[in-house]
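What follows is a single structure, written as structure tokens, with notes after it.
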2 protein chains.
Amino acid sequence: MRRNFSAKRQAIYDMLINRTDHPSATQIYEDLKEDYPDLSLGTVYRNISLFKDEKMAISVCSLNGEERIDGNTTPHTHLVCTYCGKITDLFTNDVGTRNNVVGDGFIIEKRAITYYGRCRECDNRLKSKNIEN
Amino acid sequence: MRRNFSAKRQAIYDMLINRTDHPSATQIYEDLKEDYPDLSLGTVYRNISLFKDEKMAISVCSLNGEERIDGNTTPHTHLVCTYCGKITDLFTNDVGTRNNVVGDGFIIEKRAITYYGRCRECDNRLKSKNIEN
DNA sequence: ATGCGTGCAAATTTTTTGCATTCGA
DNA sequence: TCGAATGCAAAAAATTTGCACGCAT
């Protein structure tokens with residue numbers, strides 16, 4: 001399938017890359033409404049889904065019922081403020097961890113490490129499919 | 001507010017502790033329906049929300065539109081299979097990372113580190129509130 | 001008796017989807 | 001021109017909430 005990279009798709013992607021707060025679909029929609037008054041929320045969701053499929057974006061977490069998206073797939077750490085909902089990035093050179101304080105004064109209450117991938121069963125299933133086909 | 005730990009609340013909590021697959025609200029509901037035919041989905045959501053408030057449970061991630069919950073608040077790593085939706089735990093003694101393979105043959109495609117807590121602004125706000133009151 | 005916990009159902013919010021139309025290579 | 005991308009609105013799915021009733025202390 002040939003793919004067009006439309007102006008709106010580009011704008012949505014730019015937002016994921018340029019905004020530092022890892023917006024939700026609705027936040028992207030609200031923001032782009034100004035420049036693209038005829039933008040549809042469905043389009044935002046459709047493109048986010050596409051970006052995730054193509055590994056151009058990832059889900060950071062679910063916060064207050066909204067999924068938050070990051071267009072930066074470079075390995076880095078996320079700082080999620082559960083009080084105001086702001087999400088920032090922490091790159092290794094920012095690390096100055098003393099007493100659970102990192103980056104620009106962010107206070108860690110909970111650390112989470114999550115690996116996304118495929119379990120042994122799914123890996124086997126995928127392998128055998130490749131052989132059959 | 002004094003709190004009763006009702007049979008249903010206990011059953012929901014047990015499910016979060018005993019099930020190893022980190023179920024969603026709907027999954028818990030379906031499962032408990034057998035033993036508690038009059039259970040309400042609202043009750044499951046209300047209790048999950050309560051457990052999160054009291055730090056007895058955490059949100060693992062949002063997978064296929066459903067928030068997945070863990071009642072084990074001990075620090076550990078989550079292995080999320082994005083193919084079948086299974087989520088397992090990895091404790092440090094399981095770690096045998098060679099070539100992105102960990103635990104029981106789980107293949108890592110993406111690593112995510114997330115710190116939950118409070119940003120500097122919110123921390124300041126909370127502090128000054130405590131002084132005022 | 002008091003008030004927390006729940007069922008039920010409605011309401012709200014988030015996300016997905018079908019279809020006709022528009023857009024872009 | 002032709003299929004991809006979108007708008008729109010309806011639908012589906014997930015989550016929250018109001019209210020009256022039940023249950024535990």
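Values below: all heavy atoms of this structure, side chains included; hydrogens, waters and symmetry mates excluded. Protein chains get the first letters and strands the later ones, always in sequence-line order, with residue 1 at the start of each.
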Side chains of B:His22 and B:Asn72: do they bring a donor and an acceptor to under 3.5 Å?
no

Taking only residues two or more places apart in sequence, or in another chain, which ones meet A:Tyr36 in a side chain to side chain donor-acceptor pair (under 3.5 Å)?
none

Would you say B:Arg9 reaches C:dT6's phosphate, i.e. side-chain N/O to OP1/OP2 under 4.0 Å?
yes

Whether B:Lys8 contacts D:dC23 is assessed here as follows: a side-chain N or O lying under 4.0 Å from the phosphate OP1 or OP2. Is that the case?
no

A:Gln10: side chain to side chain donor-acceptor pair (under 3.5 Å) partners, not counting sequence neighbours
A:Asp14

Whole-Å distance between C:dT14 C1' and A:Gln27 CD?
13 Å

Run the side chain to side chain donor-acceptor pair (under 3.5 Å) test against A:Arg118 and tell me which residues pass, sequence neighbours left out.
A:Asp123, B:Glu109

Show every salt bridge (Lys or Arg N to Asp or Glu O under 4.0 Å) that has at least one partner inside residues 31-45 of chain A, sequence neighbours left out.
A:Lys8-A:Asp38, A:Arg19-A:Asp31

Output all residues satisfying ring pair (Phe, Tyr, Trp, His ring centres under 6.0 Å) with B:Tyr29, sequence neighbours left out; order by chain, then residue number.
none

Heavy-atom contacts, protein to nucleotides 13-19 of chain D, under 4.0 Å, summarised as B (base), S (sugar-phosphate only) or - (none) per nt, yield -SBBBB-

Find out whether B:Arg68 and B:Gln27 are in side-chain contact, i.e. whether some heavy atom of one side chain is under 4.5 Å from a heavy atom of the other.
yes

Work out how much the helix from C:dA1-D:dT25 to C:dA25-D:dT1 bends between its end axes, five pairs an end, to the nearest 10 degrees.
40°

What residues, two or more places apart in sequence or in another chain, satisfy side chain to side chain donor-acceptor pair (under 3.5 Å) together with B:Lys52?
B:Glu67

Sorted by number, residues from residues 15-22 of chain A placing a heavy atom under 4.0 Å from DNA chain D are none

d(NZ, A:Lys33; C1', D:dG7) in whole Å
9 Å

Sequence neighbours excluded, the answer for ring pair (Phe, Tyr, Trp, His ring centres under 6.0 Å) partners of A:Tyr45 is none

Residues forming a ring pair (Phe, Tyr, Trp, His ring centres under 6.0 Å) with B:Tyr116, sequence neighbours excluded:
none

Whole-Å distance, A:Ile69 CD1 to C:dT15 C1', equals 12 Å

Could you tell me the separation between the CD atom of A:Gln10 and the C1' atom of C:dC23, rounded to a whole number of Å?
16 Å

Looking only at side-chain N and O atoms, does B:Ser6 come under 4.0 Å of OP1 or OP2 in C:dT6?
yes

Could you check how far CD1 of A:Ile28 sits from C1' of C:dT15, rounded to whole Å?
14 Å

Atom-pair distance (CG on A:Asp53; C1' on C:dT15), nearest Å
15 Å

A:Ile113: what forms a side chain to side chain contact (heavy atoms under 4.5 Å, CB included) with it, not counting sequence neighbours?
A:Tyr115, B:Thr77, B:Ile113

